[in-house]
Amino acid sequence: MLIESTPTTAFVIAVLIAVAAQLLAARLKFPPIIIWLVAGMALGTFGLDWIRADLLAGAMHTLIELGLAVILFEGGLNLNLKTLKEHGWTVGKLVIIGPVLTMLLGGSLVHYLIGMDWPISLLFGALVAVGGPTVITPIVRQVRLDREVSHILSSEAMLVDGVGAILAIVMLQIVLLPDPDILHSFQEIMTKFVVGAFIGVIGGWLLGKALQHNIAEGVELRVVVSLASSWGIFLLADQISSQAGLLAVLISGVMLQRMDIPDLQNLKHFKGSLSMLLISVLFVLLAANLNLYVMETWLWQGLLIFVALALVVRPLVVWLSSVGGHLNYRQMTFLAFMAPRGVVAAGVTSLFSLILWEAGNPHAETLLALVYIIIIVSVFLYSFLAKPMSHWLDVKGGSDRSVLIVGGGQVGAELGRLLSEDREVRFLDLNSEVVKNLKHAGFIAVQGNALDPLYMEVIHAEEIDTVVAMTGSSDHNLHIARLVQEKFHVSEVYVTLQEGDEKKHSSLIHQLQVKRLFAKPYTFSYWHDQAVRKRLVFDTQTVEPNSSLIGLKMSEVRIPHGVQPLAVVRKGQSHIIHDDLVLEEGDDIYALLRPERVKEGQTIFTVPTAAS
């Protein structure tokens with residue numbers, strides 16, 4: 001290379017490659033880990049040799065430990081045990097049976113096929129038992145599965161990280177203990193678990209109390225405090241007992257998510273900025289340092305093991321977990337052939353292989369190569385097969401007419417109540433009072449900023465068929481429309497537009513193919529204020545036979561001042577009002593109106609005089 005090879009050069013190139021890979025993954029809607037790994041291997045020591053990861057050998061152990069501490073802390077934040085009770089315990093059984101059965105059967109495959117001894121073979125089985133939301137989430141969003149399958153896959157991915165990591169930690173201790181005395185080995189393992197659990201519980205509780213008492217203000221600072229605390233908890237436990245730090249950060253995350261933290265959702269996604277950069281750079285460096293010759297040596301064995309895991313072990317796990325449940329055979333089949341491995345498996349394997357190498361274990365490189373083969377093949381295969389399989393098995397979602405109303409305030413709440421007669425309606429709003437009342441009424445409602453993709457994830461926008469953006473800003477509504485279309489693949493979007501904004505944003509409206517809500521300009525502040533002051537009443541107008549409204553688009557209908565149309569109910573099915581909605585005989589047009597603006601007995605919706 002023309003550039004001088006130094007540790008700084010290697011690190012900066014890895015940073016640039018990691019960021020470029022992240023941008024490419026976002027554009028391709030593809031799990032970023034696969035691009036990190038492929039780019040690292042292609043540009044690493046055994047590829048083009050642009051990234052000399054060997055120059056950072058002295059710091060790699062530290063980088064891996066810090067990165068893994070971040071990953072496991074977030075895994076603990078997502079380890080909500082209440083989720084285990086959902087779906088008739090299907091998720092719970094997947095998370096409990098899956099890692100154990102995968103460890104036993106996967107370990108047996110490695111033992112008999114490759115000849116590794118039992119402890120390290122079972123360690124391999126535990127490592128490939130870990131899935132992860134970083135891989136499943138992009139697949140679920142892109143494919144838009146039915147709600148049942150989507151929830152099970154997402155919940156399993158969030159929970160199995162923690163369970164699989166604990167299992168792998170146990171197996172590592174067994175591999176590392178040279179003493180054949182079972183009692184002594186058990187005492188050693190229990191010591192690490194007690195230390196990790198104790199430090200994790202105390203550390204998580206103290207961090208939770210500090211966050212509850214606003215020791216740090218602002219999301220950015222609270223994220224930094226959480227990140228630094230997770231590293232402190234890891235270091236303290238690891239100083240007391242080697243490898244206890246991994247369990248400690250996992251337990252601290254579990255402890256934190258059980259406490260009443262007001263901005264916990266931000267902490268659950270705290271891998272933004274510094275921590276995301278650390279993890280992405282870490283995986284580029286790890287891939288750059290992979291011995292491709294070892295991977296080539298064990299390639300066919302790795303592929304054979306993957307086939308057995310994919311076609312035998314995973315289907316068996318799903319079948320045992322679904323017995324007595326209400327999943328149909330199509331849903332079970334899709335779940336059986338969807339088990340990609342991700343960031344946690346790669347991170348834990350990299351650290352453990354380094355620990356084994358330092359301990360002189362001859363199988364360290366082989367273990368690393370086999371697990372990375374499983375990860376790369378599984379992410380590639382499942383990402384490409386998910387969509388055709390969902391069509392073939394008919395487990396596609398987004399056809400249940402579900403609606404998400406964003407920023408609608410009180411008028412949005414009234415629209416939602418009307419639409420909820422024949423479809424599911426969810427709400428995302430900044431108004432705490434509106435959200436509180438909707439929750440009391442039994443709706444799914446989240447308080448948050450719709451411009452932040454985090455809150456779209458919280459409300460599960462990937463399950464939604466239709467989004468209605470009703471904030472007071474036309475610009476914000478169009479931005480929300482772009483967000484839900486590009487990131488969550490929502491098929492139908494309605495937006496409110498203020499007076500004059502339809503022409504102003506005509507090219508963007510055409511590009512996004514959104515529909516103008518209510519077929520008229522909408523002033524959020526006025527209608528929300530009138531609704532809050534209880535100055536509005538409901539009214540309905542039926543389109544009678546021989547009415548001049550029949551065949552007219554809503555944009556062609558005269559709507560008086562003081563009248564806010566909401567929806568049309570046609571043969572028992574609700575339709576959201578927009579410019580191109582054509583009225584038919586028997587339609588019921590529901591509206592909110594100022595009673596003093598409409599005379600008693602007056603027809604609300606009429607044909608404009610010029611058209612008459």
Side-chain angles (χ1 to χ4, degrees), residues 401-427 429 431 433-445 466 468-472 494-497 515-544 547 549-550 552-579 581-607:
R401 306 182 74 240
S402 53
V403 177
L404 171 63
I405 296 179
V406 178
Q410 196 59 48
V411 175
E414 299 301 334
L415 172 62
R417 290 187 178 96
L418 184 58
L419 296 176
S420 68
E421 293 294 325
D422 67 319
R423 53 173 113 190
E424 184 202 13
V425 181
R426 303 181 192 181
F427 298 86
D429 207 297
N431 190 310
E433 191 64 29
V434 169
V435 169
K436 178 182 174 183
N437 292 336
L438 287 167
K439 284 182 175 179
H440 283 320
F443 289 101
I444 296 174
T466 301
V468 176
M470 296 179 59
T471 74
Y494 299 84
V495 298
T496 55
L497 298 170
K515 300 173 182 177
R516 185 178 65 154
L517 188 65
F518 302 140
K520 63 186 282 290
Y522 177 77
T523 305
F524 172 87
S525 56
Y526 172 78
W527 287 106
H528 176 73
D529 178 70
Q530 297 301 306
V532 169
R533 294 171 182 267
K534 302 187 184 305
R535 292 178 176 176
L536 303 177
V537 297
F538 265 109
D539 206 338
T540 309
Q541 178 177 328
T542 301
V543 179
E544 302 291 347
S547 170
L549 293 175
I550 295 174
L552 286 183
K553 295 179 179 179
M554 279 301 301
S555 59
E556 300 169 338
V557 174
R558 181 180 179 277
I559 303 172
H561 291 294
V563 174
Q564 179 55 57
L566 292 179
V568 168
V569 176
R570 177 179 298 158
K571 298 177 182 177
Q573 195 171 73
S574 61
H575 295 265
I576 298 171
I577 289 178
H578 60 94
D579 285 321
L581 179 67
V582 178
L583 294 174
E584 297 180 4
E585 179 185 336
D587 283 352
D588 291 322
I589 309 173
Y590 285 79
L592 289 171
L593 53 84
R594 292 281 303 272
E596 70 275 13
R597 297 288 183 91
V598 180
K599 298 177 182 178
E600 188 174 349
Q602 175 185 341
T603 301
I604 304 172
F605 300 100
T606 58
V607 177

Distance col, row Leu566:CG vs Ser574:OG, nearest 0.5 angstrom, shows 11.5 Å

Given Gln573 and Arg423, is the side-chain contact (heavy atoms from CB on, under 4.5 Å) satisfied, shown in steps?
-> CA-CA 9 Å; Gln573 195 171 73; Arg423 53 173 113 190; 5.8 Å; no

Distance col, row Thr542:OG1 vs Phe605:CZ, nearest 0.5 angstrom, shows 11.5 Å

Test side-chain contact (heavy atoms from CB on, under 4.5 Å) applied to Leu592 and Gln530, step by step | CA-CA 10 Å; Leu592 289 171; Gln530 297 301 306; over 6 Å; no

Do the non-hydrogen side-chain atoms of Glu414 and Leu536 ever get within less than 4.5 Å of each other?
-> no

Between the side chains of Arg426 and Ser402, is a donor N or O closer than 3.5 angstrom to an acceptor N or O?
-> no

Got Arg516 and Tyr522 here, is their nearest side-chain heavy-atom distance under 4.5 Å?
-> no

Can you label the angle between the Phe427 ring and the Phe443 ring as parallel, tilted or perpendicular, going by 30° and 60°?
-> perpendicular

Heavy-atom nearest pair, Val411 first then Ala531, reads CG2-CB, 4.2 Å

Starting at CD of Glu556, measure out to CG of Leu549 and round the result to the nearest 0.5 Å.
-> 10.5 Å

Please report the closest heavy-atom contact between Ala591 and Pro565, naming both atoms and the distance.
-> CB-CA, 3.8 Å

Nearest 0.5 Å, what's the CZ-CZ distance between Phe538 and Arg417?
-> 8.5 Å

Is there side-chain contact between Arg570 and Leu581, with heavy atoms separated by less than 4.5 Å?
-> yes

Nearest heavy-atom approach of Leu415 to Ala567 is CD1-CB, 4.4 Å

Under the side chain to side chain donor-acceptor pair (under 3.5 Å) test, residues paired with Gln541 that sit two or more places apart = none

Is there a donor in the side chain of Thr540 and an acceptor in the side chain of Asp588, or the other way round, less than 3.5 Å apart?
-> no

Main-chain N/O of Ser525 paired to Asp529 side chain as donor or acceptor, under 3.5 Å = no

Gap between atom CG of Leu583 and atom NE2 of His575 - 0.5 Å precision | 11.0 Å

Of the non-hydrogen atoms in Phe524 and Gly409, which two are nearest, and what is the gap between them?
-> CE1-N, 4.0 Å

If you look at every heavy atom in Val557 and Thr606, which pair is closest and at what distance?
-> CG1-O, 3.5 Å

Taking the side chain as C-beta and beyond, is there a heavy-atom pair between Phe518 and Met470 under 4.5 Å?
-> yes

Set of residues satisfying side chain to side chain donor-acceptor pair (under 3.5 Å) with respect to Ser547, sequence neighbours excluded = none

Going through the checks in order, is the side-chain contact (heavy atoms from CB on, under 4.5 Å) test met by Ile444 and Glu424?
-> CA-CA 9 Å; Ile444 296 174; Glu424 184 202 13; 3.6 Å; yes

Out of curiosity, Ile559 CD1 to Met554 CE, how far, rounded to the nearest 0.5 Å?
-> 4.5 Å

pair Val563-Asp539: side-chain heavy atoms closer than 4.5 Å = no

Minimum heavy-atom distance Asp429-Val435, with the two atoms named = O-CG2, 3.6 Å

